[in-house]
Structure formats: C-alpha cells, structure tokens
S.K.: 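Here you go, one structure.
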Amino acid sequence: MSAHPRTVRLGNGVEMPMVGYGVWQVLPESRTTARVLDAITAGYRLVDTAAAYGNERGVGDAVREVAREDVFVTSKLWNTQHGRDSTLRAFDATMAALRLEVLDLYLVHWPVPGRDLYVETWRAFEELLADGRVRAIGVSNFHAEHLDRLAAETATVPMVNQVELHPYLQQAGLLADLDRRGIVAQAWSPLGQGALLADPVVADVARQVGASPAQVVLRWNLDRGVAVLPRSSNPTRIAENLDLDGVELAAHHVAALDALERDERTGPHPDTFTGE
Ligand code: NAD
C-alpha cells in the first residue's frame, strides 16, 4: 500500500488537495449541493466549480454546512468577463453566489488569446490576491506562450494551471514547462470524460492491480505529480475515485498507460476557444 501525498504546496505556500470533486454539469443546484455533501462525506477536501457551470450557489450551500477550513473551493472567471473592471465585477458575483468570505483559488478559465485581455485580467487577479479576497490565483488552459506573456508583463507566477490531462492527452512538454516555472498542474477530465474507462489497456491494468479502471487512470495522473478533478454523480463512484492509496502501478503498467498517448482532446483547443 502506498499513500499519495494528500496536498501539494502552491507557490505562495497555500496547501491544495491533490484530489478534488469537479461539478461541471452537476445540475440543478439542489443536486449540486447534495453531490458536494456526498463528496465531502466521502473525504474530498476540494470542490472545483466555475461561473460558467451555473452551480456556484449550490456549491456554496454545501460548503456552508461544514467547517470552512475543511474545504478548498475553486472557481473560475468566464471568457466574456476578461478585462480589469469586468473581472472584479465577475469575482463579486461569484462570491455573492457562493456566499463565502474568501475563495481558496480563482482561475482564469481560458486565455482567449484572440481578445488579448488575459494580461490585464491577470493584473486584476493580482489585486484580488493582494486584497486577501482569494488565497491563491491561477489559470486554466494556458500554454507556454500565454505564460510567457504573464511572466514578462506581470509580477505573479500563476500558482496552478488547470488543463486537460489524461493518457490520451499527456501534454509532457507542457508539464515539464510548468515544473520549470513552479506552477502546479491540475488535470481536468482526468478520465477523458469517461472514454478511458472503456479502453482495453486500462481494463487490463485494472484487472492486474485489483482496482477499477477509474482508479487506475487517476493513480496514473497522481504518479506524474498531477492533481486531479474526477466528476461523478454516483455516490459509490465519488467515493471510489478518492480511494486510491491501495492502487499501485508497477513500471510496466505505467509504460502500458503511457503508450496510449494520441494527442487527442475531449474539449476545445485553448488557442482558438472563445466560448461565446
Ligand atoms: P472526467 O474525466 O472526470 O469524466 C467524467 C465521466 O466519467 C462521467 O461520465 C462520469 O460518470 C464517469 N465516471 C467518473 N468516475 C467514474 C467511475 N469511478 N466509474 C465509472 N465511471 C466514472 O470528466 P469531466 O467532468 O469532463 O472533468 C472533471 C472536472 O474537470 C469537471 O467536473 C470540472 O470541474 C473540470 N473541468 C474543467 C475544465 C476547464 O476548462 N478548466 C473543462 C472541463 C472540465
């Protein structure tokens, strides 16, 4: 049995749980609240929402039922809100929906390079951090050239970059780049939106190690030092996705999973996605 580290230390010293519960498409909000409470009961200590998911209120209702320090809450700024003033307004709206005093992590959801406002947006994030309204700030779906702009034109290195990562889209170059910059990688769609669970190679490894396909793929992500955000609405699976300490992958299992690389996205491409 080998325990994975429960948390990772972000660039500013804040500890972030390595496994979180993602609530994209977990709706309506009453259901979001119930599922987040299932996740917290199962032992999750991070919940990942976004303004665009339309369920921040439901997340807040769950978080306010438990001790605030027990849950790390992430939310994200939507693409249409880039720019200083609209970022600050959007943050206020997020906090009004969550009804929390302080957010743990706020992310720029996508760079939207065609609008070229992400640097100004990032400066507004720096203001929120300096004002103590958020404990950590980061980005999502940023590539090296976007991070280069932030490094050249602003004073704060993002603490997290949340990107699509799973055996079909391993992004080894980006991970090495994030490591050099001291940015923690967090995987969205760590199960490839479920596609990996039907892969015969994953099923075979799962049989060999006595775990479920989801546990194998999540463990593969954690073993690369990547934090994960699996989503499920099924309480048994929510608990299964956190129960990873007993899942041990030998070098040949890792090699078999590494060989699944296809450079295949389930979501949009960050260079072109506007979401409008
Ligand atoms: P995922 O990779 O977590 O896969 C979810 C699918 O896998 C669902 O169909 C679910 O029913 C199934 N599943 C989960 N656990 C299972 C299990 N143990 N056994 C069998 N099936 C199981 O996909 P996702 O929801 O796309 O991503 C997870 C989270 O990442 C989201 O909820 C959201 O918080 C975040 N996300 C962020 C972005 C971004 O741009 N930052 C984009 C997409 C998702």
Side-chain angles (χ1 to χ4, degrees), residues 16-27 31-32 35-36 38-39 42 44 46-56 58-59 62 71-79 104-112 118 137-143 146 158 160-171 174 183-199 202-203 206 211-222 226-244 247 260 264-275:
M16 183 181 83
M18 286 294 281
V19 181
Y21 180 58
V23 296
W24 180 44
Q25 293 176 328
V26 181
L27 286 166
R31 188 149 168 267
T32 316
R35 292 294 82 82
V36 170
D38 284 341
Y44 285 78
L46 185 152
V47 180
D48 181 83
T49 185
Y53 300 170
N55 56 15
E56 289 171 315
V59 168
V71 192
F72 186 105
V73 181
T74 302
S75 195
K76 314 185 192 85
L77 175 89
W78 188 236
N79 302 352
D104 294 290
L105 176 64
Y106 198 38
L107 303 178
V108 183
H109 207 146
W110 294 86
V112 202
Y118 62 85
I137 52 175
V139 295
S140 179
N141 302 300
F142 273 48
H143 285 167
H146 313 130
V160 172
N161 190 10
Q162 184 185 116
V163 295
E164 182 175 350
L165 281 173
H166 46 71
Y168 292 159
L169 182 74
Q170 299 181 17
Q171 309 222 54
L174 179 62
I183 299 174
V184 170
Q186 189 180 45
W188 62 257
S189 296
L191 306 171
Q193 288 191 24
L196 277 150
L197 307 180
D199 189 291
V202 174
S212 74
Q215 289 173 320
V216 162
V217 177
L218 293 170
R219 185 67 204 218
W220 174 89
N221 276 290
L222 290 177
V226 170
V228 292
L229 298 168
R231 167 180 60 98
S232 171
S233 289
N234 172 320
T236 307
R237 289 175 174 173
I238 288 174
E240 173 190 315
N241 292 344
L242 188 67
D243 183 17
L244 303 172
V247 183
L260 293 176
E264 182 177 286
R265 290 177 189 277
T266 65
H269 197 289
D271 287 345
T272 50
F273 184 62
T274 64

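Atoms within a ligand are numbered from 1 in the order they appear, just like the ligands themselves. Every value quoted in this text rests on a predicted model; they were computed, and no experiment measured them.
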S.K.: Which distance, rounded to the nearest 0.5 Å, do you find between the CE of Met18 and the CG of Leu218?
M.R.: 11.5 Å
S.K.: Would you mind checking which non-hydrogen protein atom is closest to atom 7 (O) of ligand 1, with the distance to 0.1 Å?
M.R.: Gly194 CA, 3.6 Å
S.K.: Hey, is Asp48 close enough to Lys76 for a salt bridge, meaning N to O under 4.0 Å?
M.R.: yes
S.K.: Indicate the ring-plane relationship of Tyr53 and Trp24, choosing parallel, tilted or perpendicular according to the 30° and 60° boundaries.
M.R.: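 Ring orientation of Tyr53 relative to Trp24: tilted.
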S.K.: Any idea which part of Leu197 is under 4.0 Å from ligand 1, heavy-atom wise: side chain, backbone, both or neither?
M.R.: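 It is the side chain that gets close, since no backbone atom is under 4.0 Å.
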S.K.: Taking atom CG of Leu107 and atom CG of Asn161, what is their separation to the nearest 0.5 Å?
M.R.: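 Rounded to the nearest 0.5 Å, the CG-CG separation comes out at 8.5 Å.
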S.K.: Determine, using heavy atoms of Gly267 and all atoms of ligand 1, whether some pair is separated by less than 4.0 Å.
M.R.: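 So Gly267 does not count as touching ligand 1.
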S.K.: Looking only at side-chain N and O atoms, does Thr49 offer a donor or acceptor that is under 3.5 Å from a partner on Glu56?
M.R.: no
S.K.: Please find the pair of heavy atoms, one from His166 and one from Pro190, that lie closest to each other, and give the distance.
M.R.: CB-O, 3.4 Å
S.K.: Ignoring hydrogens, what is the shortest heavy-atom contact between Pro213 and Leu197? Give both atom names and the distance.
M.R.: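 Closest approach of Pro213 to Leu197: C-CD2, 3.8 Å.
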S.K.: Could you list the atoms of ligand 1 found under 4.0 angstrom from a heavy atom of Gly22?
M.R.: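 So the atoms of ligand 1 that pass are 32 (O), 34 (O).
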S.K.: Are any of the heavy atoms in Tyr21 under 4.0 Å away from ligand 1?
M.R.: no
S.K.: Verify, without hydrogens or angle tests, whether Asn141 (side chain) and His109 (backbone) share a donor-acceptor contact under 3.5 angstrom.
M.R.: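 A pair under 3.5 Å: yes.
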S.K.: Going by heavy-atom distance to atom 3 (O) of ligand 1, choose the closest among Glu164, His109, Arg231.
M.R.: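 The option holding the nearest heavy atom is Arg231.
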S.K.: Going by the closest heavy atom to atom 29 (C) of ligand 1, which one wins out of Leu229, Val23, Leu196?
M.R.: Leu229
S.K.: Could you tell me which atoms of ligand 1, counted from 1 in the order shown, lie closer than 4.0 angstrom to a heavy atom of Gln162?
M.R.: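 The atoms of ligand 1 under 4.0 Å from a heavy atom of Gln162 are 37 (C), 38 (C), 39 (C), 41 (N).
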S.K.: Tell me the protein heavy atom at minimum distance from atom 34 (O) of ligand 1, and give that distance in Å.
M.R.: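 That would be Asp48 OD2, 2.7 Å.
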S.K.: Regarding ligand 1, does Lys76 bring an N or O atom to under 3.5 Å of one of the ligand's N or O atoms?
M.R.: no
S.K.: May I ask you to decide if Leu244's main-chain N or O and Arg219's side chain share a donor-acceptor pair within less than 3.5 Å?
M.R.: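 Flag set: sc Arg219 to bb Leu244 pair under 3.5 Å.
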S.K.: Which protein heavy atom lies closest to atom 33 (C) of ligand 1, and at what distance to 0.1 Å?
M.R.: Tyr53 OH, 3.4 Å
S.K.: Which of the numbered atoms in ligand 1 are below 4.0 angstrom from a heavy atom of Pro230?
M.R.: 3 (O)
S.K.: Please could you name the atoms of ligand 1 that Gly192 approaches to less than 4.0 Å, counting only its heavy atoms?
M.R.: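 Atoms satisfying the 4.0 Å criterion: 2 (O).
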S.K.: His146 vs Phe142 aromatic rings, parallel, tilted or perpendicular, using cut-offs 30° and 60°?
M.R.: perpendicular
S.K.: Select one of side chain, backbone, both or neither to describe which atoms of Val26 lie under 4.0 Å from any atom of ligand 1, heavy atoms only.
M.R.: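 It is neither; nothing of Val26 touches ligand 1.
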S.K.: Looking only at N/O atoms, are Leu191 and ligand 1 under 3.5 Å apart anywhere?
M.R.: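 N/O-N/O distance below 3.5 Å exists for this pair.
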S.K.: Would Glu164 and Ser189 satisfy side-chain hydrogen bond (donor to acceptor under 3.5 Å, both in side chains), going step by step from the backbone distance to the final call?
M.R.: CA-CA 6 Å; Glu164 182 175 350; Ser189 296; 5.3 Å; no
S.K.: Could you tell me the residue and atom name of the protein heavy atom closest to atom 26 (O) of ligand 1, and the distance to it rounded to 0.1 Å?
M.R.: Ser189 OG, 2.6 Å
S.K.: Quick one: does Pro190 get a heavy atom under 4.0 Å from ligand 1?
M.R.: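 Yes, that is the case, since the closest heavy atom of the residue is under 4.0 Å from the ligand.
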S.K.: What is the nearest protein non-hydrogen atom to atom 16 (C) of ligand 1, stated with its residue, atom name and distance?
M.R.: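 For atom 16 (C) of ligand 1, the nearest protein heavy atom is Arg237 CD, 3.8 Å.
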S.K.: Between Trp110 and Tyr118, does a side chain to side chain contact (heavy atoms under 4.5 Å, CB included) hold up when you go through it step by step?
M.R.: CA-CA 9 Å; Trp110 294 86; Tyr118 62 85; over 6 Å; no
S.K.: Specify the protein heavy atom at minimum distance from atom 15 (N) of ligand 1: its residue, its atom name, and the distance to 0.1 Å.
M.R.: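 Sorting protein heavy atoms by distance from atom 15 (N) of ligand 1 puts Asn241 ND2, 3.0 Å first.
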S.K.: Which residue and non-hydrogen atom of the protein lie closest to atom 30 (O) of ligand 1, and at what distance in Å?
M.R.: Trp188 CB, 3.4 Å
S.K.: Cut-off 3.5 Å, side chains only: do Tyr21 and Asp38 have a donor facing an acceptor?
M.R.: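 Tyr21 vs Asp38: no donor-acceptor pair found between side chains.
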S.K.: List ligand 1 atoms under 4.0 Å from Trp110, heavy atoms only on the residue side.
M.R.: 40 (O)
S.K.: Can you tell me the protein heavy atom closest to atom 31 (C) of ligand 1 and the distance?
M.R.: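 For this ligand atom, the closest protein heavy atom is Trp24 CB, 3.6 Å.
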S.K.: Which bit of Ala214 is near ligand 1, meaning a heavy atom under 4.0 Å away: side chain, backbone, both or neither?
M.R.: side chain
S.K.: Compare every heavy atom of Val23 with every heavy atom of Asn55, then report the nearest pair and how far apart it is.
M.R.: ND2-O, 2.8 Å
S.K.: Atoms of ligand 1 less than 4.0 Å from Gln193 heavy atoms?
M.R.: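 Within the 4.0 Å cut-off of Gln193, ligand 1 contributes 1 (P), 2 (O), 4 (O), 6 (C), 23 (O), 26 (O).
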